[in-house]
Protein chains: 4
Amino acid sequence: MSDNPRRPKSTSPGRPRSDETTNAIMQAALSLGEENGFAGLSIEGVAARAGVAKTTIYRRWPNVWSIVTDAFLADLTRLAPIQTRATTRESIIASMQLLARAYNGRLGRIIRPLLGQAQLDPALKKVIRDRWVIPRRQAALAIIQAGISRGEIRSDIPPDAILDALYGPFYHRLLLPYDEGESISVGYVDAIVEAVFGGIADFKNGRRT
Amino acid sequence: MSDNPRRPKSTSPGRPRSDETTNAIMQAALSLGEENGFAGLSIEGVAARAGVAKTTIYRRWPNVWSIVTDAFLADLTRLAPIQTRATTRESIIASMQLLARAYNGRLGRIIRPLLGQAQLDPALKKVIRDRWVIPRRQAALAIIQAGISRGEIRSDIPPDAILDALYGPFYHRLLLPYDEGESISVGYVDAIVEAVFGGIADFKNGRRT
Amino acid sequence: MSDNPRRPKSTSPGRPRSDETTNAIMQAALSLGEENGFAGLSIEGVAARAGVAKTTIYRRWPNVWSIVTDAFLADLTRLAPIQTRATTRESIIASMQLLARAYNGRLGRIIRPLLGQAQLDPALKKVIRDRWVIPRRQAALAIIQAGISRGEIRSDIPPDAILDALYGPFYHRLLLPYDEGESISVGYVDAIVEAVFGGIADFKNGRRT
Amino acid sequence: MSDNPRRPKSTSPGRPRSDETTNAIMQAALSLGEENGFAGLSIEGVAARAGVAKTTIYRRWPNVWSIVTDAFLADLTRLAPIQTRATTRESIIASMQLLARAYNGRLGRIIRPLLGQAQLDPALKKVIRDRWVIPRRQAALAIIQAGISRGEIRSDIPPDAILDALYGPFYHRLLLPYDEGESISVGYVDAIVEAVFGGIADFKNGRRT
DNA sequence: GTATAAACGAGACGGTACGTCAGGTCTTTCT
DNA sequence: AGAAAGACCTGACGTACCGTCTCGTTTATAC
């Protein structure tokens, strides 16, 4: 899940690996997963669907989930980068709405099993942390820090907790099974941002007049 | 994962199932999972560890994850019921601290793979929703509703979003891989509750004076 | 396969075994065997077909083939006893034709698998020898001996070999798979007897000078 | 039990099947059967004894008895082909003595359970008919026909009945359980041939005036 | 007429083997 | 050297029966 796409152009001797084949394998993995569920995804199945020998896959990736991870990350960074706007709140809303839109489509059908499998597989968890969570979090933290220094965000709460407060509900809704549809609407994102930015306490009753 | 504990006392003919055996199986499943990882948990392994025949397991549960789910739920309801206190905020804090304590122990090593597997297995997801998420959420919603009617909680945000805002960060930290330890400290819970109850916006700068 | 039918009428206390049940089990075994093949005959299957608990069977017989053997022997002695006629040749023909008729019916569908299984199971082989082969052979030997002393049969060939020469072709046709039908016709028996008697007849008595 | 030995030399791509492995499996099946009885012969047992995976066996044969059949037939045709001598009687005696010698050795411990199992398993019966009984019978029939046209054998009895009369006693002794040893001695064969030839010899040619 | 004892049905239980699937490695031939 | 094909060992799957056991219930004889 890491050694393959960054091969030298073709310095080495012998027949070069076919990019066409590489992509066919990744597409086969994703489409098979979406059709029959990612549990039950197998190298043999992917090889058959991609019309490729098992060895050809093993030459590139050590297991199925590495294929899925590579395919997923290629899409994600393209579809939903962190956004920057005039105010912190606007930046946050823009980033989250973009992410919501991505997750309501194909990525949403992949991200859930992928994060699920990561709970069972420490190596996968590490890859996801290093290549996805940490980079995105750095970018988001920069936004928050800027908001604090501009006086838009409270400085008495650790920025990590602030990020969790914002994105937590998002993934909570994504991963905790409490209703059928589980899609993330525009309104839901707005409600969350309003709740977290403004606080859920009822101030009319006095405390912070 | 559903038919066995509610057997009639012994109205039916034939030799009754041994509760001792049932418990031995559940304990074997949990301990094997904790030792070697829940990926790779197998019926054969559980049977061997429990000193029991495979058929004895299949007579009760259709697959490994059903065993884990039953074992998990038995513990959870015992260890971390929803708490009620004088104020809404106190009730929330008490409930979350209890849950945090439970998750920092054995349950935490189980809940992550269990929720993970649920992302891969729709049937498991449904069981978890019906027997865990929905019941707990009902209890928590009652707390929030009471808070709204007592004027402690804003009424302009849907109660569901409020619950997500509170518990979301909790599960975000539990499931998203952004640091090594991933335990949930007392301080973290306090920070989250403060952030969400008070809002992360900096009010000194004006808006809600 | 031996302890049950010879139970004392009912001297002992306790509920007596039901003859109806005993017969139901034997019939179930035979009919299941004929329907689905005797390979694959199982105690569980017989119990189900007979509407009886497994324990009820095990109380009477130690395994399926004992049931079949008991059922078979009960029929055989009734249907095809050794016959005695005026001459040796007539006695032999009568006995063999009777046997052929029996084997072309239900018994033929049972005797083959039964003798087959006996090749695999020494205990069964012994039972068949003691309760079927030996008794019948004694009766047949008596016929041959009488023929010898009456001057109808050559005395320079061991009676055992003579019996084998007569009955051998019969069982050869029954057990060796060389055509489809494998039934034993009246004409076939006649041909065999004619072929073999030509040799065992005593020529000193004149017939074929 | 039929598709494997006739593989093309190695035109096809992919790793070729190992002949060494094939033989190891057949030998394991035979020796296990002889040691513990052919009832109770299992694929798992054979695999373990041969030091081979179950799948490797299933790739070649569909069940244990196919292995035994293949192993048996390989030996039989090598050890006891039909013999031809100057006279019909000499040909028959030579063939039967050769067969008797083979059956008194290892083959005898295999042929009984094999013919036994064939009584229980129609598919096996067909294979034995096609690959063993019919070919041998053709060869033997040719001998008989030649004897008839040379005037050594009576022409008023169907050749099939003649063959049964000769070989029947042989298999009768082999399969019917009437004494312990059940070996076939040189003298027994002679006695049978003498008994039967007395009848099938053509008296018109004079011998027994 | 009430013990008492065995038969009986039902079904749990520890086992063994089944035949299948996928994993990951290897050995071939072809490109 | 890459790729396709397929053999190979391994380990687990879920199922069928085995023969034994533990129940509650029924049906006889014996006190």
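All values derive from a computational prediction rather than experimental measurement. Below, chains carry the letters A, B, ... as their sequence lines are ordered, and counting in each starts from 1.
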Consider the side chain of B/Tyr58, meaning its heavy atoms from C-beta on, and name the nucleotide among F/dC23, F/dT15, F/dG19 that approaches it most closely. F/dT15

Could you give the CH2-to-P distance, from C/Trp61 to F/dG19, as a whole number of Å? 15 Å

Grab the CD1-P distance between A/Ile67 and E/dA22 for me, whole Å please. 15 Å

Closest to the C/Glu44 side chain, choosing from F/dG14, F/dC17, E/dC18: F/dC17

Which nucleotide in the list F/dA3, E/dG14, E/dG19 gets nearest to the side chain of A/Arg60? F/dA3

For C/Gly51, report the nucleic acid contact type (base, sugar-phosphate, nothing); a contact means any heavy atom under 4.0 Å. sugar-phosphate

Taking only the side-chain heavy atoms of D/Ala53 (C-beta and beyond), determine which of F/dA4, F/dC9, E/dA12 contains the nearest atom. F/dC9

Expressed in angstrom and rounded to an integer, what is the separation of D/Ile25 atom CD1 from F/dA7 atom P? 13 Å

With the side chain of C/Arg15 defined as its heavy atoms from C-beta on, choose the nearest nucleotide among E/dG23, E/dA6, E/dA12. E/dA6

Judged by modelled atom types alone, do A/Trp65 and A/Asp121 share a side-chain donor-acceptor pair under 3.5 Å? no

Would you check if D/Gln119 and C/Leu115 make a side-chain contact, meaning some heavy-atom pair closer than 4.5 Å? no

Whole-Å gap separating C1' (F/dG6) and CZ (D/Arg17): 9 Å

Distance test, side-chain N/O of A/Thr56 to OP1/OP2 of F/dA4, below 4.0 Å: yes

Closest non-hydrogen atom pair, D/Leu32 against D/Arg49: CD2-NH2, 3.5 Å

Of B/Thr21 and D/Gly45, the one whose nearest nucleotide on DNA chain E sits closer to the 5' end is B/Thr21

Does some side-chain heavy atom of B/Arg131 sit less than 4.5 Å from a side-chain heavy atom of B/Phe72? no

From CG of C/Asp19 across to P of E/dA7 the rounded distance in Å is 13 Å

C/Gly40 near the nucleic acid: base, sugar-phosphate alone, or nothing, with a heavy-atom cut-off under 4.0 Å? nothing

Grab the CG-P distance between C/Leu32 and F/dC17 for me, whole Å please. 11 Å

Using a heavy-atom cut-off of under 4.0 Å over every strand shown, decide if D/Ser42 touches base, sugar-phosphate, or nothing. sugar-phosphate

Side chains of C/Thr22 and C/Asp19: is there a donor and an acceptor less than 3.5 Å apart? no

Out of E/dG19, E/dC8, E/dT28, which nucleotide sits closest to the side chain of D/Pro16? E/dT28

Per B/Arg59 side chain, nearest of listed nucleotides E/dA12, E/dG14, F/dC21: E/dA12

May I have the distance from D/Glu20 (atom CD) to E/dC26 (atom P), rounded to whole angstrom? 18 Å

Choosing from F/dT15, E/dG14, F/dC8, which nucleotide comes nearest the side chain of B/Lys54? F/dT15

Whole Å only: how far is the CD1 atom of D/Ile43 from the C1' atom of E/dT16? 14 Å

Step through the shown structure and confirm whether more than 12 heavy atoms of other residues, nucleotides or ligands are within 6.0 Å of CD on A/Glu20. no

Look at the side chain of A/Thr55 and decide which nucleotide, out of F/dA4, E/dG23, E/dC18, has an atom nearest to it. F/dA4

